[in-house]
Amino acid sequence: MDKKVAGLLNEQINKELYSAYLYLDMANFYASKGLDGFANWFEIQAREEQDHAMLIYKYLHNNSQDVTLAAIAKPDKEFKTLSDPLTAALAHEQYVTSLINTIYEAAQEAKDHRAVQFLDWFIKEQGEEEMNSSNLITKMGMFGGDPKALYMMNSELAGRVYSAPSLKL
């Protein structure tokens, strides 16, 4: 396995775990506002990010690479409005997409075809993550000012259930 690609994947494990921390912080915000559905949605996001980190961890081990774990930074966002975590989540997903794209480009450059194939799933996943975040922002803009509609949106998000990724290593 290409060493640069392995190094970037190691760094990505940390970024995915930070993402989980960030989403738990967003869940905390919504829980403090009594919006358990929004909190549920972000708790599930946190679990997905943990799964992403574990997928990369296992991929590196399956390819005889060392995994180096680093400290996970504390989330530093401050949320004031109900929309703040949603816009921060979209910006964060766009950032993660840029990180995945960088790893993908490094794998292509190194002709590390196995890594490219592995990363294909993450490329697709990031498209879904950005779309989901964008849709929540749109819905909040349309319905967030109406207490009844916000209640309905919160109820919809409370119904989200966790589903482990289907990527086979």
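Just so you know, these numbers come straight off a predicted model, no measurement behind them. Computed from heavy atoms alone, side chains included, the values below leave out hydrogens, waters and symmetry copies.
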Could you give all pairs that pass the salt bridge (charged side-chain N to carboxylate O under 4.0 Å, His left out) test and reach residues 8-18, with sequence neighbours left out? none

Start with the C-alpha distance between Leu136 and Leu157, add both sets of side-chain angles, then the distance that settles side-chain contact (heavy atoms from CB on, under 4.5 Å), and finish with yes or no. CA-CA 10 Å; Leu136 281 178; Leu157 296 178; 3.8 Å; yes

Is it true that Tyr59 and Val96 fall in one hydrophobic cluster, defined by side-chain heavy atoms closer than 4.5 Å? yes

Distance in Å, Leu60 CG paired with Met1 CE, rounded so as to fall on 0.5 Å steps: 5.5 Å

Please check if the side chain of Gln50 supplies one atom and the backbone of Glu48 the other of a donor-acceptor pair under 3.5 Å. no

Can Tyr104 and Val116 be said to form a side-chain contact (heavy atoms from CB on, under 4.5 Å), step by step? CA-CA 6 Å; Tyr104 194 89; Val116 168; 3.5 Å; yes

Scanning both residues in full, the closest heavy-atom pair of Ala115 with Ala107 reads CB-CB, 3.9 Å

Are Val67 and Ile103 in one and the same hydrophobic cluster, where Ile, Leu, Val, Met, Phe, Trp and Tyr link if side-chain heavy atoms are under 4.5 Å apart? yes

Strictly by side-chain hydrogen bond (donor to acceptor under 3.5 Å, both in side chains), give each pair with a member in residues 23-44 just once, sequence neighbours left out. Tyr23-Glu93, Asp36-Asn154

Enumerate the side-chain hydrogen bond (donor to acceptor under 3.5 Å, both in side chains) contacts for residues 132-144, please, sequence neighbours excluded, ordered by first and then second residue. Lys139-Glu156

Which residues pass the side-chain contact (heavy atoms from CB on, under 4.5 Å) test with Lys148, not counting sequence neighbours? Asp146

Once you round to the nearest 0.5 Å, how far does CG of Asp120 lie from CD of Glu125? 13.5 Å

Assess whether atom CZ of Phe79 is packed by more than 12 heavy atoms of other residues, nucleotides or ligands within 6.0 Å. yes

Connecting only ILVMFWY residues whose side-chain heavy atoms lie within less than 4.5 Å of each other, what is the rest of Met142's hydrophobic cluster? Phe143

For Arg160, look at atom CZ and say whether over 12 heavy atoms of other residues, nucleotides or ligands are found less than 6.0 Å away. yes

To the nearest 0.5 Å, atom NZ of Lys124 lies from atom CD1 of Ile100 at 15.0 Å

Begin with the C-alpha distance, continue with both residues' side-chain angles, and end with the deciding distance and a verdict on side-chain contact (heavy atoms from CB on, under 4.5 Å) for Glu129 and Gln45. CA-CA 9 Å; Glu129 296 289 4; Gln45 283 299 108; 2.9 Å; yes

Result of checking Asn101, Leu99, Thr97 against Gln126 for side-chain contact (heavy atoms from CB on, under 4.5 Å): Thr97

Under a single-linkage definition using a 4.5 Å side-chain heavy-atom cutoff for Ile, Leu, Val, Met, Phe, Trp and Tyr, are Ile13 and Leu9 assigned to the same hydrophobic cluster? yes

Look up atom CG in Asn14 and atom CD1 in Ile56, then write down how far apart they are to the nearest 0.5 Å. 10.5 Å

CD-CG distance between Gln108 and Asp2, expressed to the nearest 0.5 angstrom: 12.5 Å

With sequence neighbours left out, the residues meeting side-chain contact (heavy atoms from CB on, under 4.5 Å) with Ala73 are Tyr18

Please check if the number of heavy atoms outside Gln94 that lie under 6.0 Å from its CD is greater than 12. yes

Do Ile123 and Phe118 land in one hydrophobic cluster if side-chain heavy atoms of ILVMFWY residues count as linked below 4.5 Å? yes

Check whether Phe122 and Met131 end up in the same hydrophobic cluster, where Ile, Leu, Val, Met, Phe, Trp and Tyr are linked by side-chain heavy atoms less than 4.5 Å apart. no

Measuring from Asn10:CG to Asp66:CG, what's the distance to the nearest 0.5 Å? 8.0 Å

Under a 3.5 Å distance rule, please check whether Tyr57 uses its side chain to pair with a backbone N or O of His52 as donor and acceptor. no

